[in-house]
Number of protein chains: 2
Amino acid sequence: MEDFFPSFFPSELRQTCRIGPIRKGEQLFHLGDNVQAIYRVVAGEIRLVRYGADGGEILLHRAGAGEYFAEASLGAEYYHCTAICTAEGTLLTIPVKVFRTFLEGDSSFAFAWAMELAGNLRALRRRFERLSLKGASDRVLHYLLTEGAEETGEVHLPGSLKAWAAEMNLAHETLYRTLNDMEARGLIERQGQILRLLGNA
Amino acid sequence: MEDFFPSFFPSELRQTCRIGPIRKGEQLFHLGDNVQAIYRVVAGEIRLVRYGADGGEILLHRAGAGEYFAEASLGAEYYHCTAICTAEGTLLTIPVKVFRTFLEGDSSFAFAWAMELAGNLRALRRRFERLSLKGASDRVLHYLLTEGAEETGEVHLPGSLKAWAAEMNLAHETLYRTLNDMEARGLIERQGQILRLLGNA
DNA sequence: CGTCGCATTGATATCGCTCAAATCCGGTGG
DNA sequence: CCACCGGATTTGAGCGATATCAATGCGACG
């Protein structure tokens, strides 16, 4: 199944992977577990979370279709967070042991993987930069500018507004209000699940 | 000079690198420049920044001795931020072209590099998680827990308190007050440049 | 039809930011 | 040796933006 694997995966590696369904609420691993696999979301959604001292859930990452997660745990002994399925789907499970073997022996694979990691790093830096903005509207603007379509700043809302608010570390109420304000000011335009950036200021 | 290079760098690669001094205020590259090199700080400090619409400086990363920067730009065409030297030191410059060649041809090098990137990714995730905390004291606690020495939660303050505040996206005044509060409450202990976590709550 | 979760709006509280000012410290030049 | 200066540190006061609490409508789903 070509769709399940990135093109650069060697066929021998593909044979050791597992592909299976994930159900909402299922936990793939917990904070502290020994690292046994890295994953790629084929369909559905996985959230990587950690729990604060007060029991509050801290969202580290949301992985959607096509995205890896726990990929940074390759060199670690144990997982640094907990993975929970938040939307039913399909999951590709890649055993670390075999994965490491290929990384060490196949230079073109290792190269492709390094490119992949570099891309993830850049994406995370964007999110980091976004979080460092204080204003809610600044974050929305930044999202449209960095994650939106080239030039047009058009974005398909990733799921519910509530989930989007969580990804940007905003209370969902604040996001509602902010979007209303911005639309009222003519900064953005909303058409159902599509957000468009209007004036380029 | 063994100190300048990570141990896994092939000697042929080392020969194409440049080692030179950097002065405070010097800019290594700007947002939008074509990617020509990745860097490693031997001594001193480099900050990766980006400028907001209001002209405000957004700190993306602070790289100190031993750290790489722009390493995620390997697969990119142009730099996504600006690099400024904030403390005099020495810089290792690694041309991307040669670097790529080695990545593609030397699997053990590529593997080591992938490990390096994975580590960077984990470090950035920690910082990201920290930023997602709302309270100032939560951020300080998180810093001590994740960046501090194992168990003891002991930390050498990275430079000035002001710089530390910037790294945690806090106003420096807020950090001063928070540290005072925390010390008064017996949560932490300060001895000059050393912060120690006391009660493990 | 009842329930659950998302969307939306209102009211209030809180925490960190901003502006301001005083002190301290290291370095520099006379 | 001392006066001066810039930057870090510290403390104070007040504001504002966001979180929080609360209530309602709405659509999907069993």
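What you are looking at is a predicted structure, and each value in this text was computed from that prediction instead of being measured. Residue numbers begin at 1 in each chain, while the letters A, B, ... track the order of the sequences.
- Residues satisfying the side-chain contact (heavy atoms from CB on, under 4.5 Å) test with A:Ala72, not counting sequence neighbours, are B:Leu121, B:Arg122, B:Arg125.
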5' to 3', nucleotides 24-30 of chain D under a 4.0 Å protein heavy-atom cut-off (B base, S sugar-phosphate only, - none) gives -------

Every protein N/O within reach of nucleotides 6-8 of chain D N/O, cut-off under 3.5 Å:
| residue | atom | partner | partner atom | Å |
| --- | --- | --- | --- | --- |
| D:dA8 | OP2 | B:Lys162 | NZ | 3.0 |

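- Atom-to-atom, CG of A:Leu175 to P of D:dA17 comes out at 17 Å; the value is rounded to the nearest Å.
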Q. Between A:Val41 and A:Glu45, does a side-chain contact (heavy atoms from CB on, under 4.5 Å) hold up when you go through it step by step?
A. CA-CA 7 Å; A:Val41 178; A:Glu45 185 184 86; over 6 Å; no

Using a cut-off of under 3.5 Å, enumerate the N/O to N/O pairs linking the protein to nucleotides 25-29 of chain C.
none

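- A sub-4.0 Å separation between OP1 or OP2 of D:dT10 and a side-chain N or O of B:Asn180 is absent.
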Tabulate protein N/O versus nucleotide N/O from nucleotides 11-13 of chain C, keeping only pairs under 3.5 Å, one per line.
| residue | atom | partner | partner atom | Å |
| --- | --- | --- | --- | --- |
| C:dA11 | N6 | A:Arg177 | NH2 | 3.2 |

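- Listed by residue number, A:His172, A:Glu173 are the residues of residues 163-174 of chain A with a heavy-atom contact under 4.0 Å to DNA chain C.
- Contact annotation: the side chain of A:Glu71 never approaches that of A:Glu116 to less than 4.5 Å [non-hydrogen atoms, C-beta and beyond].
- Atoms CG (B:Asp181) and C1' (C:dG16) sit 12 Å apart, rounded to a whole Å.
- Residue B:Arg190 is the one, among B:Arg190 and A:Ala136, whose nearest nucleotide of DNA chain D lies closer to the 5' end (criterion: closest heavy atom).
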